[in-house]
Every structure is written in structure tokens, then in C-alpha cells.
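These notes are about the structure you will find just below.
Whatever order the structure lists ligands and atoms in, that order sets their numbers, starting from 1. The figures that follow rest on heavy atoms only: side chains count, while hydrogens, waters and symmetry mates do not.
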Amino acid sequence: MNKTILITGGAGFIGSHLVRLFVNKYPNYQIINLDKLTYAGNLENIADIENMPNYKFIKGDIVDAEFINKLFKEYSFDGVIHLAAESHVDRSITDPMAFISTNVLGTVNLLNAAKESWKDNFDGKRFYHVSTDEVYGALGDEGFFYEDTSYNPQSPYSASKASSDHFVRAYGNTYKFPYVISNCSNNYGPNQFPEKLLPLAINNIKNNKPIPIYGKGENIRDWLYVLDHARAIDEIYHKADNGKTYNIGGHNEWTNIDLIRLLCKIMDHKLGRVEGDSEKLITYVTDRAGHDLRYAIDASLIEKELAWVPSLTFELGLEKTVDWYLENQKWMDRIVSGDYSKYYDKMYSNR
Ligand code: NAD
Ligand code: TYD
């Protein structure tokens, strides 16, 4: 079936993998990728699909309501998959307003534009909000996050994502607006901006620089390969009932320190170093303020109802990830030098 789908944040980490999956898998869909190209947006992530006939990139800000309303008038979107966000907890601690602006106001702007555009008939329309497990707060040693776990966000980032989730559900309840939401655990894989733990550590190990570990390294995260998240979004977008929420996770919990030790071992092997060399770079630094102790997802609902399971073991996924960063040193260098942000002007100046 022909459809026009708006994907927001498609130049970011997860969005770029999702855009590629949809553009390649659904040649009948017109995929519009809307991204502001903040520091986290990098068109080089999706340079391989740039000239596909069913793909179009538009530079724009979801906080600009007038622009968003115009966009929805220009295109008759059948669906929206919304990933654009400020996504880094540490930045949310130093600049919460940017998170309220993009994550809350930006999401509500999209909801308003979609509601207005679809008001005559919601049939076949769908607004998919991509969210995080961090909205549920922090776990102790035991237990898991379920779809009906009460929200208890602890950082400005998670509070902004919780707020946007609430707005999406409120529109569903009030206007019978057709939505789905998923809350996913920590993603890892190619193209992640090197402010997040894994790409930062890979880059530092390669360059023999200290690997900063917050606090004692005892915080636990549940890691999922980014393409498995994209596959889950595809399943939910196409198969879930309106109003549903699914938790997505890897059943793959690691303390930060154990994760970094495993990474060091893989890197020693790949870089031809003596085993134990990279571990010497581990440096304990001041803890993150309000650092959530543990996240862990119970993903049995999506497994049971949509037959989705992670496709990769963590060891394999991590090795693939390390290989990608080592083979794509130029990608990393261009981020470190800032050159990646010039790509838009070079490629799109006369379009
Ligand atoms: P990212 O920071 O890599 O990418 C975000 C993208 O959004 C960037 O391309 C950026 O340019 C764009 N953007 C930011 N503000 C914008 C604005 N005002 N208007 C238009 N575009 C804007 O983030 P990510 O890690 O790919 O996360 C994508 C989504 O998935 C986010 O909503 C995040 O909350 C959610 N999520 C992330 C993870 C994770 O582990 N990374 C886990 C669960 C959920
Ligand atoms: P991060 O990748 O920022 O994701 P999130 O905060 O959304 O879980 O961090 C993952 C974990 O690693 C988190 O517990 C914080 C920790 N961390 C470090 O110990 N050192 C670092 O330099 C970074 C960026 C994160």
C-alpha cells in the first residue's frame, strides 16, 4: 500500500537506522525525514540512501509550530514516527530548558498538526511516539519495568520524555487520536554520537585516553542493538492496536564497569594489544547527579503479541559495534573536528 510517513529525528542515532530500514523495506512508502540537525544530527549517517526515490530529507525544527503546521498541509502524512529529541541525560542536567522545548513542546506541536490534518478521519492514521524506559525511574537490585509500571522520572531528560508520553496518551483519550508508544532500554551500535558511554569509551580506548566511569561503575543498564530496536518499531508501527504501549529491551543487564571491562577485552584483541592493557585506562570520576541505579525491561508483551525478539547476542552485537567504529574512523574524526555539520550545506545548498 502507498503511504507517506514522516519520521522525525532521522539524522540521529536510532532514527538513521529506522529511516534506512523503512526506505529499503517499503519502496511504496514515501519517507520524509524531518530533522533540525542539532549537534546530534548527522546526515552522513544516512548518506547511502540519500538518492533513493522514496526518500526526502527536510531540515526543520519541531518546536516551530508554524513550520510544522505548514508541513502537514503540504504533505498528507498517513503516519508519523517521532524520534526527534534531546537525548543525553548529562546535557539535560546542565540545560533542562532545551529538553522541555524539544521533547515536550515539539511533541505537542506534532500532535496538534497531526490532529488537525487527520481530524476528518483517523482511519488508517497513526502517531508513533518513540520513548524510553527512563520514564519509569530507577530500580533497585530486583524487579523489572512493565508497561503498567508507574511513571517516576528522575532526570530532566526522563521527566521531559514522561511528559511527552503523557501528552500523547492524553490526546488518545481526549480526541480518540490514534497513537502507539514504545519505551525502549539503552541502545548501542553504529552511528551513536560519542557523548554516550559506548562510542565514547571505544574512541578513548583506541586513542589511549582515560575511560571515565561515573561513581563506582555499579549502575546497571539493559542494552539492545539499535537495529533490533528499529525492527521492533517496524513491528509495532504495522501490527499494534491503537492505544497500545510496548516495552522493548534486550534482557541484557550489565553494570557499567563489567560492560567496559568486556569492551576493553574485545578492543585489546582487535587492536592487537596485550590483554589487560586497555583496562588500565579505566578512570573513576565524579558521579552523575541523581544517577539512576538500574534499568531493566520486561519485554515479554512484545515477544508474546508481536513475536519480536532481539536478533543478536550482546557479545556478537558489541563485537560488530567495535568493528564498525574501527572501520569508520573518518566518521568519528569528522564529529570530533565538527566537519560533519558542514555536510548539509555541501549536499543540499542547491536543492
Ligand atoms: P539522538 O540524539 O542521536 O538523535 C536525535 C535527533 O533528533 C538528532 O538527529 C537531532 O538533530 C534531532 N532533533 C533534536 N531536536 C530537534 C528538533 N527540535 N527538531 C527536529 N529535530 C531535532 O537520539 P537517539 O539516541 O537516536 O534517540 C532517538 C529517540 O529515541 C529519542 O526520542 C530518545 O528519547 C529515544 N530513545 C533513545 C534511546 C537510546 O538509548 N539512545 C533509548 C530509548 C529511547
Ligand atoms: P549514557 O550512555 O549516557 O546513557 P543513559 O544515561 O541514558 O543510560 O550512559 C550509560 C551509563 O554509563 C550511565 O549509567 C552513565 C554511565 N556513563 C559513565 O559512567 N561514563 C560516561 O562517560 C558516560 C557518558 C556515561
>> Out of all atoms in ligand 1, which are within 4.0 Å of some heavy atom of D61? Include the element for each.
In response: 17 (C), 18 (N), 19 (N)
> At the 4.0 Å heavy-atom cut-off, does G60 count as touching ligand 1?
Replying inline: yes
> Tell me, which protein residue and heavy-atom name are nearest atom 10 (C) of ligand 2, and how many Å apart are they?
Replying inline: L197 CB, 3.9 Å
>> List ligand 1 atoms under 4.0 Å from S87, heavy atoms only on the residue side.
In response: 1 (P), 2 (O), 23 (O)
> Counting from 1, what ligand 2 atoms have a heavy atom of N256 closer than 4.0 Å?
Replying inline: 11 (C), 12 (O), 13 (C), 14 (O), 16 (C)
> For atom 24 (C) of ligand 2, what is the nearest protein heavy atom, given as residue, atom name and distance?
Replying inline: E195 O, 3.2 Å
> Among S131, G12, G189, G106, whose heavy atom sits nearest atom 4 (O) of ligand 1?
Replying inline: G12
> Of all the heavy atoms in Y157, does at least one lie under 4.0 Å from an atom in ligand 1?
Replying inline: yes
> Going by the atom numbers of ligand 2, which of them fall below 4.0 Å from some non-hydrogen atom of I213?
Replying inline: 19 (O)
>> Any donor-acceptor pair under 3.5 Å linking the side-chain atoms of K270 with those of Y325?
In response: no
> Considering only heavy atoms, does L37 approach ligand 1 within less than 4.0 Å through its side chain, its backbone, both, or neither?
Replying inline: backbone
>> Is there a polar contact, in the sense of an N or O pair closer than 3.5 Å, between C184 and ligand 1?
In response: no
> Has ligand 1 got any nitrogen or oxygen that is less than 3.5 angstrom from a nitrogen or oxygen of D35?
Replying inline: yes
